[in-house]
Each structure stands twice: as C-alpha cells, then as structure tokens.
Amino acid sequence: MAVTRTFSIIKPDATKRNLTGAVTKMLEDAGLRVVASKRIHMTRDQAEGFYAVHKDRPFFGELVDFMISGPVVVQVLEGEGAMQRNRDIMGATNPKDAAPGTIRAELAESIEANTVHGSDSDENAAIEIAYFFKPEELVG
Ligand code: CMP
C-alpha cells in the first residue's frame, strides 16, 4: 500500500487533560509518523473556515465554540494508507460507538469532546493540511 499523509487535530478536551503525548503514542503505535506538528489556539474565523462543510448542521455553533475553547495540536501524519489507518485508530465519532482500544473509546468524553479529528478522504486531507501548514513545515 502507498505511503500517504493525513491531517489530525488533538482537540481541546485532550490538551486540557494533558493527553497530547498519550494520543500521539496511540497514533505512533498504529504505524503513523508525525511529520509536522504545532500547538495553536484557533481563532473563531479559523475554526469556522475549517469546519465550513458543517455550517448548516445544528451543532456548528457549539462545535466552533468548543474548538476555540483551548489549545489544539494540528498534525500531519504519514504512513501506509494514512487516512484510513488514522480513522481506524481514532474510532467512531461518538465514543459510545467506538471500538475498544481506539483513541475515542479509551480517551474521549463525548461526541463533541471526542479528543481527535481526522480527515475523511485523501482529497480532504490535502485541503486540511494546506489549511494549517506551509509545504516547508512538513519535515518528514
Ligand atoms: P470531527 O471529526 O472533528 O468533525 C466534526 C465534528 O463535529 C465531529 O468530529 C464531532 O466532534 C462534532 N459533533 C458534535 N456534535 C455532533 C453530532 N451530533 N454529529 C456529528 N458530529 C458532531
């Protein structure tokens, strides 16, 4: 399988609980390599732009409020079939539905405070990576 890249966010519920390392270890143990990483506090404009695809959903306002409630860690992950590999280790969006051993089953608090975001396609991964990183920030 080809080595590809995907985009990940460690969300405010995880940074607040000092779980950046625990989440990253689970990603690395799943065969993903962190090739770019930065801790940022998103602005409202940044979060609204990032989640624009959800702007008509009833949870959009709360989602944006949550994502700017504290720092996040944006990361680029590399590995064989990175997008699917990351989604597999993240688990289902709602931690109640997530398989045992996944990040959300082990660490998430709720469907909103669900610890991690991961791109849902290779196309969106490229868009999301470019939203937060310049090409020269991906250092392998
Ligand atoms: P994420 O992968 O970051 O993409 C959109 C986010 O919306 C999702 O994870 C959830 O954390 C959040 N969200 C909040 N409420 C809901 C909901 N009812 N259905 C789906 N996603 C939700």
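In what follows, residues are counted from 1 in the order of the sequence shown. Note that this is a predicted model, so its numbers are computed, not measured. Order of appearance sets the numbers: ligands from 1, and atoms from 1 within every ligand.
Between His54 and Phe59, the ring planes lie tilted relative to each other; the angle falls in the 30° to 60° range.
Close approach of ligand 1 to Tyr51 is summarised as follows: ligand atoms under 4.0 Å from at least one heavy atom of the residue are 1 (P), 3 (O), 4 (O), 5 (C). Interface of His54 with ligand 1, defined as ligand atoms under 4.0 Å from a residue heavy atom, comprises 4 (O), 5 (C). The distance from ligand 1 to the heavy atoms of Glu112 drops below 4.0 Å at these ligand atoms: 11 (O). Ligand 1 places these atoms under 4.0 Å from at least one heavy atom of Asn114: 9 (O), 10 (C), 11 (O).
What sits closest to atom 11 (O) of ligand 1 on the protein, heavy atoms only, is Ile111 O, 2.7 Å. Nearest protein neighbour of atom 2 (O) of ligand 1, counting heavy atoms only, is His117 ND1, 3.1 Å. Protein heavy atom in closest approach to atom 9 (O) of ligand 1: Lys11 NZ, 3.2 Å. Considering only non-hydrogen protein atoms, atom 21 (N) of ligand 1 sits nearest to Phe59 CZ, 3.6 Å.
More than 12 heavy atoms of other residues, nucleotides or ligands shown are found within 6.0 angstrom of CG on Asp29. More than 12 heavy atoms of other residues, nucleotides or ligands sit less than 6.0 Å from atom CZ of Arg39.
Counting heavy atoms closer than 4.0 Å to ligand 1, residue Arg104 contributes side-chain atoms (C-beta onward) but none from N, CA, C or O. For Glu62, no heavy-atom contact with ligand 1 is shorter than 4.0 Å.
Among the atoms of Arg57, none of the N or O lies under 3.5 angstrom from an N or O of ligand 1. Considering backbone and side-chain atoms together, Leu63 places no N or O closer than 3.5 Å to any N or O of ligand 1. Geometrically, ligand 1 and Thr93 share no nitrogen or oxygen pair separated by less than 3.5 Å.
Checked against the 6.0 Å centroid threshold, Phe7 and Phe132 count as a close aromatic pair.
Phe66 does not count as a contact of ligand 1, since none of its heavy atoms falls under 4.0 Å from the ligand.
Considering all non-hydrogen atoms of both residues, Lys38 and Phe133 come closest at CE-CE2, 3.7 Å.
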Q: Test Tyr51 against Arg57 for side chain to side chain contact (heavy atoms under 4.5 Å, CB included), laying out the working first.
A: CA-CA 10 Å; Tyr51 280 120; Arg57 307 281 288 272; over 6 Å; no

Q | Step-by-step salt bridge (charged side-chain N to carboxylate O under 4.0 Å, His left out) determination, Glu78 to Arg5 | A | CA-CA 4 Å; Glu78 185 177 271; Arg5 287 175 170 172; 2.9 Å; yes

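Looking at heavy atoms from C-beta onward, Thr115 lies in side-chain contact with Val23 at the 4.5 angstrom threshold.
Formation of a donor-acceptor pair under 3.5 Å by the Glu106 side chain with backbone atoms of Gly101 is found in this model.
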